Amino acid sequence: QVQLVESGGGLVQAGGSLRLSCAASGRAFSSYGMGWFRQAPGKERTFVAAHNPSGGWTYYADSVKGRFTISRDNAKNTVYLQMNSLKPEDTAVYYCAGTVSIYYWDYVGPSSYDYWGQGTQVTVSS
């Protein structure tokens, strides 16, 4: 069983930055597809970013492209989300997710992930 634990959330002013971390248990982390999602109050969980270990491809939602960067350190079993130029509309609970099934991987779909963290709150004040 893989466990994912997020950290790094908090309160930041608009224009500021935060870096979220997601530490994973398990020996095969380097082969997992990893993603970040977010969920604002009263809204559905939506895709933010993903990293495909095959080729190192990264994918981003249009709303965060150019501001957020996903990266991973396989030696530390950790995936990161660097968030810059934060906006109040980025306020949400952020979740990391992982999957062992990266072939024909629908990285934007929550149902495509096998493992989820508990979430970390990010609040951006105006």
Side-chain angles (χ1 to χ4, degrees):
Q1 183 70 14
V2 175
Q3 290 187 329
L4 303 176
V5 179
E6 301 100 333
S7 60
L11 173 64
V12 64
Q13 288 188 333
S17 298
L18 283 175
R19 189 177 80 157
L20 305 183
S21 299
C22 174
S25 65
R27 301 178 181 178
F29 173 78
S30 62
S31 65
Y32 297 163
M34 298 298 297
W36 286 95
F37 287 75
R38 66 187 181 186
Q39 188 168 18
K43 296 189 176 181
E44 293 185 348
R45 191 170 299 189
T46 58
F47 169 74
V48 175
H51 183 280
N52 189 330
S54 178
W57 295 101
T58 56
Y59 315 98
Y60 297 94
D62 287 343
S63 59
V64 307
K65 202 170 293 184
R67 300 188 298 123
F68 291 11
T69 303
I70 186 171
S71 62
R72 68 195 295 161
D73 184 338
N74 290 331
K76 296 182 178 180
N77 274 21
T78 301
V79 63
Y80 304 97
L81 185 67
Q82 177 67 44
M83 306 185 294
N84 299 328
S85 302
L86 283 161
K87 304 175 181 180
E89 51 263 43
D90 294 319
T91 295
V93 177
Y94 283 70
Y95 299 89
C96 75
T99 180
V100 299
S101 305
I102 61 172
Y103 296 103
Y104 304 107
W105 176 31
D106 175 22
Y107 52 85
V108 301
S111 62
S112 298
Y113 292 81
D114 306 304
Y115 310 108
W116 290 86
Q118 82 288 352
T120 186
Q121 176 70 46
V122 171
T123 303
V124 185
S125 63
S126 58

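In this text, all values refer to a predicted model and were calculated from it rather than measured experimentally.
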Q: Assess the side chains of D114 and T99: does a donor N or O sit below 3.5 Å from an acceptor N or O?
A: yes
Q.
Any non-hydrogen side-chain atom of N52 less than 4.5 Å from a side-chain atom of M34?
A. no
(Q) Filter on ring-ring contact (aromatic ring centres under 6.0 Å, His included), then keep only pairs touching residues 37-62, sequence neighbours left out; what's left? (A) F37-F47, F37-Y113, F37-W116, F47-Y107, Y59-Y107
Q. Is there a side-chain contact between M83 and Y94, using heavy atoms and a 4.5 Å cut-off?
A. yes
Q | For the student: nearest non-hydrogen atoms of N84 and S17, plus distance | A | OD1-OG, 2.9 Å
Q.
By the disulfide bond (SG atoms under 2.5 Å apart) test, which pairs, at least two apart or in different chains, include something from residues 52-83?
A. none
Q: With the side chain counted from C-beta on, respond yes when V100 and Y115 share a heavy-atom pair under 4.5 Å apart, and no when they do not.
A: yes
Q. What about V12 and V64, same hydrophobic cluster or not, with Ile/Leu/Val/Met/Phe/Trp/Tyr joined at side-chain heavy-atom distances under 4.5 Å?
A. yes
Q: Mind checking side chain to side chain contact (heavy atoms under 4.5 Å, CB included) for E89 and listing every partner two or more places apart, or none if nothing turns up?
A: K87
Q.
Could you check whether any side-chain heavy atom of P53 comes within less than 4.5 Å of a side-chain heavy atom of I102, counting everything from C-beta outward?
A. yes
Q. Within 45° of the ring axis of Y80 and under 6.0 Å from its six-membered ring centre, is that where the NZ or CZ of R72 lies?
A. no
Q) Just by modelled atom types, is the L11 backbone N or O under 3.5 Å from a matching donor or acceptor in the T123 side chain? A) no
Q: Please collect all disulfide bond (SG atoms under 2.5 Å apart) contacts where either partner lies in residues 26-93, sequence neighbours excluded, each pair once.
A: none
Q) Taking a hydrophobic cluster as the set of Ile, Leu, Val, Met, Phe, Trp and Tyr residues connected by side-chain heavy atoms closer than 4.5 Å, whether directly or through intermediates, do L86 and I70 fall within one such cluster? A) yes
Pair up each side-chain donor or acceptor in residues 18-31 with any protein partner under 3.5 Å, not counting sequence neighbours, and list the distances.
residue : atom : partner : partner atom : Å
S25     : OG   : Q3      : N            : 2.8
S31     : OG   : A28     : O            : 2.7

Q.
Within the 4.5 Å heavy-atom criterion, are Q82 and F68 side-chain neighbours or not?
A. no
**Q.** By side chain to side chain donor-acceptor pair (under 3.5 Å) - contacts of D90 (at least two apart)
**A.** R38, R67
Q) Going only through I, L, V, M, F, W and Y residues with side-chain contacts under 4.5 Å, is there a path from V79 to V48? A) yes
Q: For K65 and D62, work out which heavy atoms get closest and say how close.
A: NZ-OD1, 3.2 Å
(Q) Given 3.5 Å as the limit, does a donor-acceptor pair link the side chain of Q39 with the main chain of T46, or not? (A) no
